[in-house]
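Since we're looking at a predicted model, the values are computed, not measured. The first residue of the sequence shown is numbered 1, and numbering continues consecutively from there. Note that ligands are numbered from 1 as they come in the structure, with each ligand's atoms numbered from 1 the same way. Hydrogens, waters and symmetry mates play no part in the numbers below; they use all other heavy atoms, side chains included.
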Amino acid sequence: MHQSFSFFIVFSFLFISAISSETETETLSVRSDGDQLIRQVVDGDGELRLGAEHHFSLFKRRFGKSYGSQEEHDYRFKVFKANIRRAKRHQKLDPSAAHGVTQFSDLTASEFRRTYLGLRGLRLPSDANKAPILPTDDLPADFDWRDRGAVTPPKNQGSCGSCWSFSTTGALEGAHFLATGELISLSEQQLVDCDHECDPDEPGSCDSGCNGGLMNSAFEYTLKAGGLMTEKDYPYTGTDRGTCKFDKTKIAASVANFSVISLNEDQIAANLVNNGPLAVAINAVYMQTYVSGVSCPYICSKRLDHGVLLVGYGSAGYAPVRMKEKPYWIIKNSWGENWGENGFYKICRGRNICGVDSMVSTVAAVHTTFQQ
Ligand SMILES: *[C@@H]1O[C@H](CO)[C@@H](O)[C@H](O)[C@H]1NC(C)=O
């Protein structure tokens, strides 16, 4: 169905209204790094009316893109235009978020999935520990571990399907902070290079660096290995051609135990508040075009393909524009600080949107003191 609509984008704390139109013209707004607002006007047939080439060159400059040949350039331009149309479709299906140009606008959906996601194994191991049921009566209305010092700044996985390792380190960084009061950035590269833990239920399905992995297997590896080194001692390279350089004498944080949380949003919230940030899996299809706001698509697959970190939640409220704000989860992603809301994503709570409630794990860290 074709309908006119209006939406808004969040620009730091500023809300800028875009115009609703009676005609077939719709406006796609995207946030730019400076204070300039790029507007992309798309007509009813989905063709860029105002200088697609111009917008493509802005995109290339903003994200430092260059292509090896004219052929490649022309192909990427085609993909870019298709992604603008796709962002427009996402905008209609997901009106409480803003969708537009991102650093991934020159990639096809399958290139994006292959290169920037990386969740392998869609089932939880059948022998996984179940988290104990926690009381949920006194949960705060809003909660954010970023305000309490348990979250390191967003990192960047680069062109490597290692999302699962960032979800794992994020959860252990938080648990280690709760156990010791210290926030230490932990090594994804150790997991990428050294963790080849396999899923006992799915022989042949093992953590495999840039080709994907699973957070629960990574917790299992970390438990067996003794712990993770720091980011500083074992820095991220974003490739999986290296050998394992794990040094047991440099362990900075260790897993005491980990467990999976039932598909119940109150239990997820209670575990988040009590145990720290949680490793979660999600379907990332809307994240390729996400710019800001609370993502709450009418339709979203629950096929899990991305590992991220749940760090907080917000309650329902009314934004200073006419759209009702929905209760949401706050998600830390691993695509750098230039993606989404300074590296974070908001997705609505309440109906397991994009599978966000389906695979949630909590980890506890061993109390240790780490001397640098
Ligand atoms: C997990 O480890 C933590 C920290 O050592 C401990 O307090 C907690 O009771 C353990 N949980 C389970 C389910 O064993």
Side-chain angles (χ1 to χ4, degrees), residues 121 123-140 143-146 148-152 164-188 190-191 194-195 197 199-201 207 213-231 246 248-281 307-313 332 357-372:
R123 291 179 300 134
L124 282 169
S126 52
D127 62 347
N129 289 321
K130 308 261 186 303
I133 301 298
L134 299 175
T136 55
D137 302 333
D138 297 320
L139 289 175
F143 191 85
D144 191 343
W145 275 115
R146 291 176 297 181
R148 294 158 190 261
V151 184
T152 57
W164 58 279
S165 69
F166 289 83
S167 175
T168 303
T169 55
L172 189 55
E173 285 165 1
H176 183 77
F177 172 80
L178 265 75
T180 66
E182 289 176 300
L183 182 65
I184 299 168
S185 185
L186 297 172
S187 173
E188 293 77 27
Q190 181 185 337
L191 294 169
C194 312
D195 169 12
E197 195 70 27
D199 182 343
D201 294 342
D207 289 346
L214 193 61
M215 289 79 86
N216 273 66
S217 321
F219 291 138
E220 184 68 34
Y221 157 81
T222 307
L223 190 64
K224 288 179 182 164
L228 293 183
M229 291 165 60
T230 62
E231 192 79 67
F246 174 51
K248 239 177 169 5
T249 67
K250 290 188 174 163
I251 288 175
S254 301
V255 170
N257 56 59
F258 62 96
S259 44
V260 301
I261 302 164
S262 59
L263 206 162
N264 173 307
E265 298 212 326
D266 290 337
Q267 283 303 311
I268 295 171
N271 274 277
L272 174 77
V273 169
N274 284 283
N275 303 339
L278 305 173
V280 306
V308 288
L309 189 72
L310 180 59
V311 300
Y313 58 83
K332 182 189 181 188
D357 302 332
S358 324
M359 195 195 274
V360 183
S361 320
T362 180
V363 63
V366 173
H367 285 250
T368 49
T369 44
F370 170 67
Q371 305 297 337
Q372 186 74 9

Check your understanding: Under 3.5 Å, is there a donor-acceptor pair linking the side chains of Asn275 and Thr362?
Key -> yes
Review point. What's the shortest distance from atom 10 (C) of ligand 1 to any protein heavy atom, and which residue and atom give it?
Key: Asn257 ND2, 2.4 Å
Exercise for review: Using a strict cut-off of 4.0 Å, indicate which atoms of ligand 1 neighbour a heavy atom of Ala364.
Suggested key: 1 (C), 2 (O), 3 (C)
Review point. Do Ser262 and Gln267 get their side chains close enough for a donor-acceptor pair, meaning under 3.5 Å?
Key: no
Study note, to complete from the structure: atom 5 (O) of ligand 1 has as its nearest protein heavy atom Ala256 CB, 3.7 Å
Exercise for review: Kindly state if atom 7 (O) of ligand 1 has a protein heavy atom within a strict 4.0 Å cut-off, that is, under 4.0 Å?
Suggested key: no
Practice item. Mark whether atom 13 (C) of ligand 1 lies under 4.0 angstrom from at least one protein heavy atom. Key: no
Point to revise | Parallel, tilted or perpendicular: ring planes of Phe219 versus Phe258, cut at 30 and 60 degrees | key: tilted
Point to revise | Flag for Glu173-Thr152: side-chain donor and acceptor within less than 3.5 Å | key: yes
Point to revise | Phe143/Trp145 aromatic ring centres below 6.0 Å | key: yes
